[in-house]
Amino acid sequence: MSATATGGRSRVPRSSPAFWQRQTRRVARLQWQRRRALLVVVLMAGVGLGSSGVNAVSAAGASHGVRAQSAEAATINADAGRLASQYRGNRQGLLEAGRAGLAAGRNDATVAEFLKLGWARRLDAALERNGAMLDSVHDQQVALGVAGVRYFASQIHTGLLRAGSGQLITVSLKAQELIAYERGRVIVDTPVTTGRPALPTDIGAMQVLSKDAPWTMKSPWPRGSAEWYPDTPVQMVVWFTQNGEGLHDASWQPNSTLGPGSQNGPYASHGCIHVPLAAVRLLFDWAPIGTPVVVYPGDGSPVADQVAQQSVDAQGNPTSGVRGD
């Protein structure tokens with residue numbers, strides 16, 4: 001079939017296959033252009049919605065943070081008012097309450113730092129900011145500082161007890177006190193005796209490694225050494241280091257001699273922790289392998305000062321040498 005010339009252009013008859021092929025391509029091209037335009041619109045809308053969504057989430061988070069801070073401030077201000085009334089005319093009593101709260105908060109924050117609980121750092125910073133207010137010459141400012149110290153110390157303590165598996169053993173060297181917790185509940189609270197100055201109990205985060213009952217303590221030092229001791233049987237030991245430190249009973253030490261200062265007395269250990277028999281029995285049955293054991297100075301100094309005394313590595317292995325009894 002021949003084409004007819006018109007105005008310099010060739011026209012394909014509508015009945016020809018070429019005409020319908022051209023029409024099909026034209027329709028397909030128009031459909032693709034429409035789909036592309038629609039896709040662009042959808043993408044632009046999506047970007048807009050996504051941006052709005054992110055902004056909304058950010059705004060919601062910021063709003064929640066503001067509300068939380070407002071609630072904290074309201075709680076602290078209310079407690080400050082009660083404290084000002086309670087200690088009116090007794091500035092020294094108010095200061096003592098604040099310093100006791102600051103020391104307790106610092107000690108708990110130290111345990112949290114040994115356990116690598118990062119959330120406690122914000123609370124510890126707030127604790128220190130409020131603690132600095134205890135030096136103010138204005139009673140109202142002091143009351144506000146004490147209230148803030150009490151609030152943030154309580155937050156640190158509560159968070160610490162809820163962390164991890166819910167089981168935790170802490171030993172304060174200053175107080176010579178062992179406390180075992182399970183999901184915030186005190187299981188054991190007992191005076192103890194830790195290592196003597198020449199062989200102090202290691203400081204840091206360790207864990208229950210093994211248990212033995214009964215056991216005979218054998219001196220790692222040779223006879224004639226200043227640290228040598230004869231074979232000494234104990235009923236049970238909860239080991240928390242690989243260099244010979246454990247929680248165990250000490251039948252040769254009267255329970256009345258346990259507690260503050262006993263680490264410097266005649267019954268001080270060679271690094272182990274002497275625990276009353278009833279308490280170690282409970283710990284032996286209660287604490288599974290892996291239970292955290294945190295030994296900390298407990299002197300109420302800032303966290304950085306207490307952590308600087310750590311004598312175990314990141315895995316809880318002592319770097320101080322052999323211990324015993």
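Note that the structure is a prediction, hence the values are computed from the model and not measured.
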Grouping I, L, V, M, F, W and Y whenever their side-chain heavy atoms are under 4.5 Å apart, do [X] and [Y] come out in a common cluster?
X: Val294; Y: Trp119; answer: yes
X: Phe284; Y: Val275; answer: yes
X: Tyr267; Y: Leu258; answer: no
X: Leu173; Y: Val238; answer: yes
X: Ile273; Y: Leu209; answer: no

Measure the spacing between [atom1] of [X] and [atom2] of [Y] and express it to the nearest 0.5 Å.
X: Leu134; Y: Leu94; atom1: CG; atom2: CG; value: 8.0 Å
X: Leu161; Y: Thr170; atom1: CG; atom2: OG1; value: 9.0 Å
X: Leu283; Y: Asp285; atom1: CG; atom2: CG; value: 9.5 Å
X: Ile76; Y: Gln69; atom1: CD1; atom2: CD; value: 10.5 Å
X: Leu178; Y: Thr190; atom1: CG; atom2: OG1; value: 7.0 Å
X: Asn243; Y: Asn317; atom1: CG; atom2: CG; value: 9.0 Å

Closer than 3.5 angstrom, by distance alone: can the side chain of [X] be matched with the main-chain N or O of [Y] as a donor-acceptor pair?
X: Thr110; Y: Arg106; answer: yes
X: Asp249; Y: Val280; answer: no
X: Arg196; Y: Ser269; answer: yes
X: Thr291; Y: Ala287; answer: no
X: Gln141; Y: Met133; answer: no
X: Gln176; Y: Thr194; answer: yes
X: Gln263; Y: Gly261; answer: yes
X: Asn107; Y: Gly300; answer: yes
X: Asp212; Y: Trp215; answer: no
X: Ser85; Y: Arg82; answer: no

Mind checking whether [X] and [Y] have side chains closer than 4.5 Å, heavy atoms only?
X: Thr232; Y: Ser251; value: no
X: Arg223; Y: Pro230; value: no
X: Leu247; Y: Trp239; value: no
X: Val312; Y: Thr241; value: no
X: Trp252; Y: Asp325; value: yes
X: Leu168; Y: Leu115; value: yes
X: Val234; Y: Pro214; value: no
X: Tyr151; Y: Val146; value: no

Query raised in the report: Step by step, would you call Gln155 with Leu123 a side-chain contact (heavy atoms from CB on, under 4.5 Å)?
Result: CA-CA 7 Å; Gln155 292 292 303; Leu123 297 174; 4.0 Å; yes

Taking all non-hydrogen atoms of both residues into account, name the closest pair between [X] and [Y] and its distance.
X: Val149; Y: Leu102; value: CG1-N, 3.2 Å
X: Leu127; Y: Ala153; value: CD1-N, 3.9 Å
X: Phe114; Y: Pro297; value: CE1-CD, 4.5 Å
X: Met206; Y: Val295; value: CE-CG2, 3.8 Å
X: Gly246; Y: Val237; value: CA-CG1, 4.1 Å
X: Ala80; Y: Ala147; value: N-CB, 3.5 Å

Does a side chain donor of either [X] or [Y] reach within less than 3.5 Å of an acceptor in the other side chain?
X: Ser311; Y: Asp202; result: yes
X: Glu227; Y: Ser219; result: no
X: Gln253; Y: Thr193; result: yes

Requested in this report: Show your working on salt bridge (charged side-chain N to carboxylate O under 4.0 Å, His left out) between Arg162 and Glu182 and close with a plain yes or no.
Outcome: CA-CA 9 Å; Arg162 291 176 179 171; Glu182 181 171 17; over 6 Å; no

Query - Working for salt bridge (charged side-chain N to carboxylate O under 4.0 Å, His left out), residues Arg121 and Asp124 - result: CA-CA 5 Å; Arg121 292 169 187 165; Asp124 178 52; over 6 Å; no

Query raised in the report: Under 6.0 Å between ring centres, would you say that holds for His270 and Trp228?
Result: no

Report task. Apply salt bridge (charged side-chain N to carboxylate O under 4.0 Å, His left out) to Asp139 and Arg91, showing your working. Result -> CA-CA 7 Å; Asp139 288 350; Arg91 178 184 174 86; 2.4 Å; yes

**Report entry** Test log, rule side-chain contact (heavy atoms from CB on, under 4.5 Å), inputs Arg129 and Phe152
**Finding:** CA-CA 10 Å; Arg129 285 196 301 272; Phe152 289 107; 5.7 Å; no

Query raised in the report: When you look at CD of Gln242, are more than 12 heavy atoms from neighbouring residues, nucleotides or ligands closer to it than 6.0 Å?
Result: no

**Report entry** Heavy-atom neighbours of Lys174 NZ exceed 12 at 6.0 Å
**Finding:**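 Not more than 12 within 6.0 Å, no.
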
**Report entry** Residue pair Val303, Tyr296: steps toward the side-chain contact (heavy atoms from CB on, under 4.5 Å) verdict
**Finding:** CA-CA 10 Å; Val303 172; Tyr296 64 105; over 6 Å; no

Requested in this report: Run the salt-bridge test on Asp231 and Lys218 with the 4.0 Å N-O cut-off and return the result as yes or no.
Outcome: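 Yes, charged N to carboxylate O under 4.0 Å.
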
Report task. Report the C-alpha distance between Asp299 and Gln309 in whole Å, list the side-chain angles of each, state the deciding distance to 0.1 Å, and finish with yes or no for side-chain contact (heavy atoms from CB on, under 4.5 Å). Result -> CA-CA 12 Å; Asp299 57 10; Gln309 300 178 55; 4.1 Å; yes

